Amino acid sequence: MNFFKTKPRTPPDLVKGLRDALPRLENTVPGSEQRRKANEDVAKNLQQMKSMLNGDGEPTPELIAQLSQEAYSTDLMHHFLLNLHRLDFESRKDVVQIFNSLLRRQIGSRFPTVEYLNGKPDILFTAFKGYENEDIALNTGMILKEMLRHESLAKLLLHSEQFYMYPHYIETTTFGISCDAYNNLKETLTRHKPMVADYLDKNYDRFFASYTQLIMSSNYVTKRQSLKLLGEILLDRANFSVMTRYIANEGNLKMMMNLLRDKSKNIQFEAFHVFKVFVANPKKPPQIETILRRNKEKLLAFLQNFHNDKEDEQFTDEKQFLIAQIQQLK
Amino acid sequence: MDSHHSDPEEFYVKQDRIGKGSFGEVYKGYDKRTQKTVAIKIIDLESAEDEIEDIQQEIQILSQLDSLYVTKYHGSFLKGSHLWIVMEYCSGGSCSDLMKPGVFREEYIAIIVRELLRGLEYLHSEGKLHRDIKAANILLSANGDVKLADFGVSGQLSGTLSAKKNTFVGTPYWMSPEVIKQSGYDHKADIWSLGITAIELAKGEPPYAELHPMKVLFLIPKNAPPTLEGPFSKTFKDFVSYCLQRDPKDRPTAKDLLKHKFVRMAKKTNYLTELIERHERWRAEGGERAEEEDRRVAEEENSTDPEDLWDFGTVRHAGTVGRAKQNPVQVSGPPLTWENNGSIRSDGSSASGRHSFNHKQRSQASYPNSVAAKTDLPPLPPSNPATPRKQDFQGTVRQTGNGLSREPSDEYDDDYEEPEDVHDAPPPSDDDLPDTTMLDSVVLPAIASLFPRVSTQEARVALSALQRAFTDAERIIPGVTLELINEIVDSVEHVEEEH
């Protein structure tokens, strides 16, 4: 779209152009001439802003700094999100790029946009709420993902009440969006390990009550993926104390034993990787050992026949190890 | 909007099957709300070789494309473990179908090439590569519009538009030298494939079509670029030679090529309806029966089809059909070793690798027990550490990560988030890898393809050991598989020359 490049405009012009045009989207009827004109103005300004941030032409840090400052002082990022569904297809993509360029902006070890967003939690929560609108959910999902790279923003979400909307978003959207929400949940829970471990430790009951909903979902993908993520969380060294609690709970063990017999082989396999932790624990609490002992013969017979077609040496070794552990139960 | 619980069959009616890819089947259907015809690709996630994340990644990329020159993505829905991917339907069929009555005349090719260039211009401006341009992936609408099929109708999910994929899934005839050598490539790889496709449209086949794909993998980087020979105009030959330049830097961009005389003189797309009509006449005259016959023969010969070697999906499918029915526990069937060995897939997304106690993210300092079975918590069998290759790979990703330090799990995102990468810098992912393509794309799949042909557990274990031996050797001597195969091919060539 080179034909817009004719007259270079200053950052304040661009931001002002957007801040003028965005409200016009709110106040006009879709399909009207005014709306079309407003969309055009937004698109034009977005493209110029995008190319300025990309450093097309002469990349000047001063211009980018000025542009960022203007964006912060006018709440532009929030307005982007609030109006995203009114933008046309390409403009939405431009917003994502602009947003993410701003987020990646770095001065020394500082991320000015992240600092700005820390003070404006609404922006993160508006991006998160994007999952409620399927037209823009994948765009806001990309923005959210970029935000979650930063510990302070991930923490903001994790510690919020809104965090517990994840299961809802994962459960009630179509495949593409559901997977995106799952990926961001995974991002929230696995990227900043010590911070997350501390949270899980302190909010253990609430978190796992909510998470179990995902594992028990009737949706094949939700079930399979959340089980897989559970395995990753539990086996992470940072979550050692959370794991210890998890594998001391007999309800959790029963759930995994049932999932080992799920009709889906993939789900069985994911369940195995959680189940193995219960069995491998050298200090099994009595309630766990009781269940395992009570089912000793059945479990042995079951494991002997479990996924024998897998040519995965490590899996085979682990399975043999579990069989040996269970045989030792007296 | 509990659309998640809604069955895709509430919105779409599935009709005739129109194709079969290695990952699933493609149906013609229509949208109940609009009566518009659509193509529905159905993948069983339970037996799909790809990780769900990879499939979702592709869908996300597709959802961000909107162009007249690319088949439009309408949405995806889950029904049990079956994923329905709903796409624009192109009733004209693919160029490879349309070529069945005979090759295209130059004037038609010029139109198709111009439209392809427009599609590529769009994709490349979006920072995307197609990576699988060939006649089979070019579809025509009823009125002659030319569409790049991103995936589905004719190809498989992998190898197309993928952010980070093993591009060797498929056949290598259309691949540029730099893609085969994995020496780093960008949008110019699509330009090469376009040149090969132009030859394909003119001659009916790409260069080297008569040779085994594995051999072609060596010939393309080794030989001078192919040229268009035969009774064609100088302009056409000139156009093809522009596309097929060994050094990607010498190849023009899609935008530049649109100015070439060959396409500037091309007619409007509605002339292409003549190709559709020709195909219909041919079918009416019984061409289809011959085609059916061919297909039947081809299916019978399936196991000897050289392309079979590269087809992970088909092999995999055969192994998992009929599985997970009544007895979920006692499952038999060919093993799926090539997936299970965490170290063979460069994206590290193998199912078991992800979960095992020595998962790459925890491999270094991890969890006490992965080091030894003696420490205090769950002692498990010790296992091998993450391969050096993975470490290299992560290093590459970090380097291109805009200064942000990235975790390994970011490997896939960059192509679509940072479109600028494609233009000026090489794509972030696969490039700087040591040359393990030969291992990952040829040798391991080749061994994998042998699994269904052996019947004993012992034989499968032996094959599995062979795969591991190659993987280990490659880890210790990066590039060794490529060298070995080169040696083998060279010796084969010598024998042929002596004849």
Side-chain angles (χ1 to χ4, degrees), chain A residues 54 89-90 93 97 100 104 106 134 138 142 145-146 149 171-176 178-180 183 190-191 219-221 224-225 228 231-232 235-237 240 244 261-266 268-270 273 276-277 280-283 302 305-315 317-318 321, chain B residues 1-5 45-46 52-53 56 59-60 63-64 66 75-78 80-81 83 323-324 328-337 340-342 351-352 354-357 359 361-362 365-367 369 376-381 383 402-404 407 409 413 417 419-420 460-461 464 468:
Chain A
N54 285 348
F89 187 84
E90 295 297 329
K93 292 198 296 192
Q97 278 202 39
N100 291 352
R104 289 172 189 184
Q106 197 173 356
E134 63 178 343
L138 291 179
M142 285 183 217
K145 179 163 188 189
E146 190 65 36
R149 291 181 196 282
E171 281 279 83
T172 61
T173 49
T174 50
F175 176 80
S178 170
C179 285
D180 191 85
N183 286 343
T190 55
R191 180 173 279 272
N219 179 291
Y220 169 81
V221 171
R224 177 173 154 185
Q225 298 291 78
K228 179 166 157 178
E232 288 180 33
L235 287 172
D236 199 295
R237 188 174 50 106
F240 187 84
T244 315
R261 303 175 60 226
D262 192 274
K263 68 179 191 308
S264 152
K265 263 199 93 179
N266 288 302
Q268 294 170 16
F269 191 69
E270 302 299 349
H273 288 290
K276 69 185 181 188
V277 194
N281 183 357
K283 296 175 189 159
F302 179 85
N305 287 314
F306 186 75
H307 291 222
N308 283 342
D309 53 340
K310 280 222 155 60
E311 286 296 324
D312 179 343
E313 199 182 333
Q314 190 175 311
F315 164 73
D317 288 350
E318 287 180 358
F321 178 79
Chain B
M1 55 145 244
D2 258 20
S3 41
H4 154 92
H5 293 290
L45 296 174
E46 179 68 3
I52 291 173
E53 285 88 343
Q56 186 252 343
I59 287 177
Q60 179 144 24
S63 72
Q64 298 296 303
D66 182 21
S76 43
F77 306 86
L78 196 64
S81 66
L83 177 63
R323 194 246 305 96
V329 175
Q330 303 216 0
V331 176
S332 60
L336 309 165
T337 313
N340 298 338
N341 185 337
S352 63
R354 197 178 287 271
H355 291 279
S356 46
F357 284 97
H359 180 259
Q361 290 177 352
R362 346 178 231 277
S366 102
Y367 191 73
N369 56 61
D376 71 316
L377 254 178
L380 277 171
S383 31
N402 268 9
L404 284 176
E407 293 287 331
S409 56
D413 342 319
E417 284 184 344
E420 20 352 316
R460 290 195 280 257
V461 171
S464 188
R468 270 197 307 281

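Both backbone and side-chain heavy atoms feed into the values below; hydrogens, waters and symmetry mates do not. Note that the structure is a prediction, hence the values are computed from the model and not measured. Below, chains carry the letters A, B, ... as their sequence lines are ordered, and counting in each starts from 1.
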Would you give the length of the straight line joining atom CD of B/Q64 to atom CG of A/L138, rounded to the nearest 0.5 angstrom? 6.5 Å
B/L45 CG to A/Q225 CD distance, which is reported to the nearest 0.5 Å: 9.0 Å
Checking B/S63 now: which residues fulfil side-chain hydrogen bond (donor to acceptor under 3.5 Å, both in side chains) with it, not counting sequence neighbours? none
Rounded at 0.5 Å granularity, tell me how far SG in A/C179 sits from CD1 in B/I59. 7.0 Å
Quick one: closest heavy-atom pair of A/N183 and B/Q56, and the distance? ND2-OE1, 2.7 Å
May I ask you to decide if B/I52's main-chain N or O and A/R224's side chain share a donor-acceptor pair within less than 3.5 Å? no
What pair of heavy atoms forms the shortest contact from A/G176 to B/S76, and how long is it? N-OG, 4.0 Å
